[in-house]
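One structure below.
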Amino acid sequence: MTNYHEPVLLGEVMGFWLKQNPGTYVDCTTGGGGHSAAMLAQLQPGSTLHCLDRDADALAFAADILKSDSVNVVFHHNAFAELASCVAPASVDGILYDLGVSSHQLDERTRGFTLNGSTQALDLRMDQRESKSAQEWLQETDVATMAHVFRANADMDRAFPLARKIKDQLLVAAEEVLPFNVGHLRAAVDSIFRDRRFDQNSLMARVLQAIRMDINQEMPQIETSLRAAVEALLPGGRLCVISYHSVEDRTVKVTMAEYELDCICPPRSPMCMCGGNRRKVKKLLRKPGLPSAEELKKNPRSRSAKLRVYEKV
Ligand SMILES: C[S@@+](CC[C@H](N)C(=O)[O-])C[C@H]1O[C@@H](n2cnc3c(N)ncnc32)[C@H](O)[C@@H]1O
């Protein structure tokens with residue numbers, strides 16, 4: 001465990017993993033290196049651990065703690081959609097995704113993800129090399145598109161009036177000669193959801209999540225990367241994915257479902273047109289793994305975590 005981020009479902013992931021030892025493993029979401037450190041402690045000499053993250057802060061932190069004389073640790077400052085350029089096809093024994101954002105990203109004010117305080121500018125980029133910050137995204141995105149993003153990514157009611165109010169608040173920020181900040185967003189959310197039955201903090205968190213998912217293209221990233229992961233795994237290799245909300249979990253489930261079937265023709269198709277025999281993975285958990293009561297108590301941020309595990313056939 002580090003202050004940077006407490007790894008979630010650690011024992012459960014490790015229980016499914018490191019079956020081929022020595023071997024080649026990939027942590028697609030290295031973050032504070034909690035999962036990677038546990039892997040490193042168990043990997044035999046001669047193994048390789050590839051650590052990816054699109055966030056330079058995360059990789060710098062992880063590189064400091066993930067040191068080994070016997071295991072080859074390779075850091076990649078890449079988005080995981082670029083997995084295919086980091087590892088060769090059919091060369092990997094295990095791949096982990098611990099999706100979403102780290103506690104460091106959420107808590108560190110300079111990253112512009114946090115709800116604490118009110119004057120810090122909204123940023124929400126995981127990779128600072130990406131050009132569009134939250135402020136630029138809000139300026140450039142029209143009201144209808146913004147409302148669609150709120151509905152699709154966070155299931156928000158009153159999405160259209162909220163998007164319009166945010167546009168008003170962008171003008172307020174410009175008049176104040178300030179960057180658009182958490183206070184401006186809160187003012188927009190407060191004016192649309194005045195009723196007491198709404199929990200303002202959870203609404204704010206959902207709006208931020210919706211914007212963040214679009215800015216970082218999180219769902220397309222997951223889909224592209226899972227497809228590359230299936231190709232990268234050796235037969236018997238394992239894929240563990242931890243998701244934190246329903247849109248993420250659905251993306252994982254739907255993308256992987258295609259690889260669990262021999263035939264992907266429409267159910268009413270009179271004969272198989274896809275060639276059949278396409279199955280590439282089997283599910284190792286019938287129902288997703290959830291944090292134990294003990295973990296929930298120790299780390300409340302684990303409360304929405306769901307683990308799905310697949311094996312390449
Ligand atoms: C929940 S944290 C991982 C925490 C890590 N398992 C640990 O134990 O510290 C998620 C990490 O994934 C990274 N990330 C999210 N989406 C990514 C993507 N598409 N490509 C690469 N890294 C990504 C984030 O920058 C963040 O550092």
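Side chains included, hydrogens not; waters and symmetry mates left out as well; all remaining heavy atoms used. Order of appearance sets the numbers: ligands from 1, and atoms from 1 within every ligand.
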How does Ile222 reach ligand 1, if at all, at less than 4.0 Å between non-hydrogen atoms: by side chain, backbone, both, or neither?
-> neither

Within-cut-off N or O pair, Gly34 and ligand 1, under 3.5 Å = yes

Consider only side-chain N and O atoms of His184 and Glu176, and report whether a donor and an acceptor are under 3.5 Å apart.
-> yes

Ligand 1 and Gln221, any nitrogen or oxygen pair closer than 3.5 angstrom?
-> yes

Decide whether Arg186 and Asn181 meet the rule of one side-chain donor and one side-chain acceptor closer than 3.5 Å.
-> no

Can you tell me how far the CG atom of Leu233 sits from the OH atom of Tyr259, to the nearest 0.5 Å?
-> 11.5 Å

Does ligand 1 have a heavy atom under 4.0 Å from the side chain of Val101, from its backbone, from both, or from neither?
-> backbone

Ligand 1 to Pro7, heavy atom cutoff 4.0 Å, flagged ligand atoms 8 (O)

Go through ligand 1 atom by atom and flag the ones less than 4.0 Å from a non-hydrogen atom of His5.
-> 1 (C), 4 (C), 7 (C), 9 (O)

Which ligand 1 atoms does Gly32 reach within 4.0 Å, using its non-hydrogen atoms?
-> 7 (C), 9 (O)

Closest contact, heavy atoms only, His76 versus Leu59 | O-CD1, 3.4 Å

Report yes if Ser102 has an N/O atom closer than 3.5 Å to an N/O atom of ligand 1; otherwise report no.
-> no

Run down the list Asp53, Leu9, Leu99 and name the one with the heavy atom closest to atom 13 (C) of ligand 1.
-> Asp53

Which ligand 1 atoms are under 4.0 Å away from a heavy-atom of Cys28?
-> 21 (C), 22 (N)

Ser225 near ligand 1, heavy-atom distance under 4.0 Å?
-> no

For Asp53 and Thr29, the nearest pair of non-hydrogen atoms, with its separation, is OD2-C, 3.9 Å

Kindly compute the distance separating CD1 (Ile215) from CG (Asp127), expressed to the nearest 0.5 Å.
-> 12.5 Å

Specify side chain, backbone, both or neither for Arg54, according to which of its non-hydrogen atoms lie closer than 4.0 Å to ligand 1.
-> both

Quick look: Glu6 vs ligand 1, heavy-atom contacts under 4.0 Å, and the answer is neither

Is the side chain of Asp195 donor-acceptor paired with the backbone N or O of Phe198 at a distance under 3.5 Å, no angle test?
-> no

Between Asp98 and ligand 1, does any nitrogen or oxygen pair lie at a separation below 3.5 Å?
-> yes

Subset of ligand 1 atoms that lie under 4.0 Å from at least one heavy atom of Gly33 = 7 (C), 9 (O)

Distance from Arg279 atom CZ to Asp262 atom CG, nearest 0.5 Å?
-> 7.0 Å

Run the numbers for me: atoms of ligand 1, each under 4.0 Å from some heavy atom of Asn78, listed by number.
-> 21 (C)

Value rounded to 0.5 Å, distance of CD in Glu295 from CD in Glu12 | 6.0 Å

With Lys280 as reference, evaluate Glu258, Glu231, Glu260 under the side-chain hydrogen bond (donor to acceptor under 3.5 Å, both in side chains) test and give the passing residue.
-> Glu231

With heavy atoms only and a cut-off of under 4.0 Å, state how Asp27 meets ligand 1: side chain, backbone, both or neither.
-> neither

Where is the tightest heavy-atom contact between Asp93 and Gly23, given as atom of each residue plus distance?
-> OD2-CA, 3.1 Å

Short N/O distance, under 3.5 Å, between Leu52 and ligand 1?
-> no

Ligand 1 atoms in contact with Asp55 (distance to a heavy atom under 4.0 Å) = 25 (O)

Determine whether any heavy atom of His104 lies closer than 4.0 Å to an atom of ligand 1.
-> no

Can you find an N/O atom of His35 closer than 3.5 Å to an N/O atom of ligand 1?
-> yes

Heavy-atom pair with the smallest gap, counting every atom of His5 and Ser103 = ND1-N, 2.9 Å

Looking only at heavy atoms, which two atoms of Leu66 and Ser36 are closest? And how far apart?
-> CD1-CB, 3.6 Å

Which word best sums up how the rings of Tyr97 and Phe80 line up, parallel for under 30°, tilted for 30 to 60°, or perpendicular for over 60°?
-> perpendicular

Is ligand 1 under 4.0 Å from a heavy atom in the side chain of Ala81, in the backbone, in both, or in neither?
-> neither

Should the proximity of Thr30 to ligand 1, defined as any heavy atom under 4.0 Å, be assigned to the side chain, the backbone, both, or neither?
-> backbone

